[in-house]
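Here is the structure we will look at, set down as structure tokens.
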There are 2 protein chains.
Amino acid sequence: MEENKHVTIYDIAERLNLATSTISRALKDHHTISDKTIKKVKKTAEEMGFVPNTLAAGLRGNKTKTIGVLIPTVTQPFLSSLISGIEITAQKSDYTVIIMQSHDSYEEEVNMAKSLYSNRVSGVICSLAMETRDTAHFHQFSNNNIPLVFVDRVPKDYNTFRVVIDNYSAGYKATKHLIEQGCIRIAHLTAGSELGNLYNERKRGYIEALKDHNIPVEEELIISLNSVTYEDGVKASNTLFDLKPMPDGLFAPGDILAVSAVQTAKKRGIKVPEEFKVIGFNNDPISQIIDPNLSTITHPAEKMGKAAAEIIIKNLKSSKNDDAKEITFLNTEVLARESSSNELLKDI
Amino acid sequence: MEENKHVTIYDIAERLNLATSTISRALKDHHTISDKTIKKVKKTAEEMGFVPNTLAAGLRGNKTKTIGVLIPTVTQPFLSSLISGIEITAQKSDYTVIIMQSHDSYEEEVNMAKSLYSNRVSGVICSLAMETRDTAHFHQFSNNNIPLVFVDRVPKDYNTFRVVIDNYSAGYKATKHLIEQGCIRIAHLTAGSELGNLYNERKRGYIEALKDHNIPVEEELIISLNSVTYEDGVKASNTLFDLKPMPDGLFAPGDILAVSAVQTAKKRGIKVPEEFKVIGFNNDPISQIIDPNLSTITHPAEKMGKAAAEIIIKNLKSSKNDDAKEITFLNTEVLARESSSNELLKDI
DNA sequence: TATTTTTACGCAACCGATTGCAATTGTTGT
DNA sequence: ACAACAATTGCAATCGGTTGCGTAAAAATA
């Protein structure tokens, strides 16, 4: 048992007095191999503890049954759910998933893209880093017919598959919900990003909703953040609460920000939702834990992951170089919970 | 640009009228190659868009500079921080990390272990699935001299590297903290798991702390959960709150459980920490967001990840088959926050 | 029984980088 | 000018499956 060398098909071939080609075929139920031989080979392989060397197979066939996932981080609930969805689908078709984190750094994204290519992944699913401004590092995939799917934070000028939600309409829905709950002075947080324009889209929805309901768009109510963090959220919230008159609602394009606003409000003695209603985005786990429960917009992370993986696998099967790189839009919904409710007012 | 074939060292060799061996050596600054040639080769490689084929190198050298990480899920804050630590260290030494999730299923763990082996990872870092009762599927690594490091949820009878915290002493510290805050009837939640004995250890610390302070250990205050989820936490909390006399403190071996207890208490009008003090475990992000802030035990996830990766890399470098598989213990601390404070009592 | 068709399996090249050893060129000493 | 040696580069095998093509044996058909 000590210092075993890997068992190869050569070892099996020798033991059974067969050619390696026969072993190889038998192991994958090739039709030209007799059932008797297949059984014999499989049994012996099992006995000898044979484990196929993926590298050899991948090198020869130039395909690895591996999906590379390149995302900013695995710690965000949305992204870990995305991974979950990818994995579930991948596993069904016997694909391996390899995950790399760009940490929202352009440089790292470039390196990891090269690394994925170097590892000859069969397909790539990517959500862009915040920093990323150009996408040249993805050409290596496109040029070599390796299916590439962008998810959520996607470039708008790249001819490849995309799986997204309609951020504009989600922003519109969120804002409209607040209006319907009686808000007339609704604030909004946003963040700048050229390529992943999802915050801009949400903001566009926010503005349109206001306009459609004849509510003036006030610049002081729209705060642009450097980073979507709890700390920046607190800062922005305080700025908002210092305004007079104070806003009576907030559409935060992320639950972390929404939570920071709720907490800040509480600290300042501002009652949520009575004096200040909040709706977030993503339906992160925390939205159900915080008090009051956070109204939010669903973001179908797992579904998006599944969809992206399915696109890759389907594309790999048909292997026809379709030029039709469709964009998949998934649905979002308003999840009305306590933080935006006007029911409480009646009770009191 | 259409339908490029991968550029190989053969292409470079042909272009420069050199042998592939020269190219290969030049690309990694081999001392037998002249500076002039090295420069020329690197320049041409760059121009031609050469990306080394990891598969070929891995196949030939039977090593891949890849660390396989096999964990229950990426969605738990502790585990995603662990990954983060692993990646930071791995990247410094130019290792690639491939992550697989067992979803706490034994069967999946077995499959993914095989998959990692099949991919010829250079080393493996694993935190066991809840379900796992035997570790035979890790022999393939041990037998083939592939460094294996268990982290956090580790088997106790496996001669390999382990990176853990001292769960016993952490449990002791947590309980002692509550006692010092004035609690005299401290409840505890726990979960069963044969291999990953960390909950048992924490419980052992809890019991010892009580004994050392002459507090009777009451069975009704110790609730064993099937799963460490918010829902099960709520159920258990309600059971505890129905007791008379009610416990005045809780040591929950996880922040999710602690949060569920806090929320349940609030719902029932029980004041935290005045009537009921809580300390959790892990220092998850939510512990700082919930109101009142949650006292907890730090769990140095990122450090553990770094330590584990360092062990792998160091071991791979020296490549001497040390039989000394040390266990690394990392430190934990009590993080006293609002949920266990007795300061508030004085204020009121 | 002779011939065609199936069935089952073997041969050998191939994927791309690595590396021990041989070969070539250049340099130094006498 | 020539041996001795160092500096460079080339040759060819190797890692372990995969696959097109060829062939022998068994079965079907004439």
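Proteins come first, then strands; the chains are lettered A, B, ... in the order of their sequence lines, and each starts at number 1.
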Checklist outcome for this item: When rounded to whole Å, the CG to C1' distance for the pair A/Asn62 and C/dG16 reads 10 Å
Checklist entry - Tell me, which of residues 31-38 of chain A have any heavy atom that sits under 4.0 Å from an atom in DNA chain C? => result A/Thr32, A/Ile33, A/Ser34, A/Thr37
Checklist entry - In whole angstrom, what separates B/Arg120's CZ from C/dA17's C1'? => result 17 Å
Checklist entry - Do the rings of A/His137 and A/Tyr106 sit parallel, tilted or perpendicular, given the 30° and 60° boundaries? => result perpendicular
Checklist entry - So, does B/Asp11 use its side chain to make a donor-acceptor pair with the main chain of B/Thr8 at under 3.5 Å? => result yes
Checklist entry - Would a distance-only check, ignoring hydrogens and angles, find a side-chain to backbone donor-acceptor pair under 3.5 Å from B/Asp152 to B/Ser127? => result no
Checklist entry - Rounded to the nearest Å, what distance is computed from the CG atom of residue B/Asp11 to the P atom of nucleotide C/dG16? => result 8 Å
Item to check | Working for side chain to side chain donor-acceptor pair (under 3.5 Å), residues B/His103 and B/Ser105 | outcome: CA-CA 5 Å; B/His103 299 289; B/Ser105 144; over 6 Å; no
Checklist entry - Over how many whole Å does the gap from A/Phe50 atom CZ to D/dG17 atom C1' extend? => result 8 Å
Checklist entry - Between atom CD1 in B/Ile12 and atom C1' in C/dA17, what is the gap in whole Å? => result 11 Å
Next on the checklist: Can you confirm whether the side chains of B/Thr96 and B/Thr66 place a donor and an acceptor under 3.5 Å from each other?
Outcome noted: no
Checklist entry - Is the A/His139 ring parallel, tilted or perpendicular to the A/Tyr158 ring (thresholds 30°, 60°)? => result tilted
Checklist entry - What is the distance, rounded to the nearest whole Å, between atom NE2 of B/His30 and atom C1' of C/dT18? => result 10 Å
Please tabulate the protein-to-nucleotide N/O contacts below 3.5 Å involving nucleotides 18-22 of chain D, giving atom names and distances.
from	atom 1	to	atom 2	distance (Å)
D/dT18	OP1	A/Lys28	NZ	3.0
D/dT18	OP2	A/Ser24	OG	2.9
D/dT18	O2	A/Arg60	NH1	2.3
D/dG20	N7	A/Arg25	NH2	3.3
D/dG20	O6	A/Arg25	NH2	2.7

Checklist entry - Would one find more than 12 heavy atoms of other residues, nucleotides or ligands at under 6.0 Å from atom CD of A/Glu107? => result no
Item to check | Rounded distance (Å) that lies between atom P of C/dC14 and atom CG of B/Asn53 | outcome: 17 Å
Next on the checklist: Set out, in order, the CA-CA distance, both residues' side-chain angles and the distance that settles salt bridge (charged side-chain N to carboxylate O under 4.0 Å, His left out) for A/Glu46 and A/Lys42, then state yes or no.
Outcome noted: CA-CA 6 Å; A/Glu46 179 68 34; A/Lys42 284 190 175 173; over 6 Å; no
Next on the checklist: Need one value for A/Leu18: base, sugar-phosphate or nothing, where a base atom within 4.0 Å counts as base even if backbone is also close, heavy atoms only.
Outcome noted: sugar-phosphate
Next on the checklist: Counting only heavy atoms from other residues, nucleotides and ligands, does the tally under 6.0 Å from NZ of A/Lys40 exceed 12?
Outcome noted: yes
Checklist entry - B/Ile23 has an atom CD1; how far is it from atom C1' of D/dA12, in whole Å? => result 17 Å
